[in-house]
Amino acid sequence: MALLVGLLVVWAVLVVLGIAIKGLFWLIIVGAVLFVATGVIGFVRRKAVGGRG
């Protein structure tokens with residue numbers, strides 16, 4: 001769980017940096033895609049683990 005939260009924080013920081021630094025629009029896209037993907041993977045894994053117990 002800590003790894004998931006850590007990754008979400010890192011991706012959010014990348015998005016903010018992409019917004020703050022002009023010309024790094026690609027960083028916004030990469031950070032947003034990774035943020036969403038990490039969130040979906042974390043949600044799916046949490047659901048799978050919760051369903052077994």
If you look only at distance, which donor and acceptor atoms sit under 3.5 Å apart when one is on a side chain in residues 32-45 and the other is two or more places apart or in another chain?
unit_1	atom_1	unit_2	atom_2	d
Thr38	OG1	Trp11	NE1	2.8
Thr38	OG1	Leu34	O	2.8

Quiz: residues 23-30 side-chain donor-acceptor pairs under 3.5 angstrom, not counting sequence neighbours:
none

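Cluster membership for Leu4 and Leu14, using ILVMFWY side-chain heavy atoms within less than 4.5 angstrom, is shared. Note on Val10 and Val13: same hydrophobic cluster, where clusters join Ile, Leu, Val, Met, Phe, Trp and Tyr whose side-chain heavy atoms are under 4.5 Å apart, directly or indirectly.
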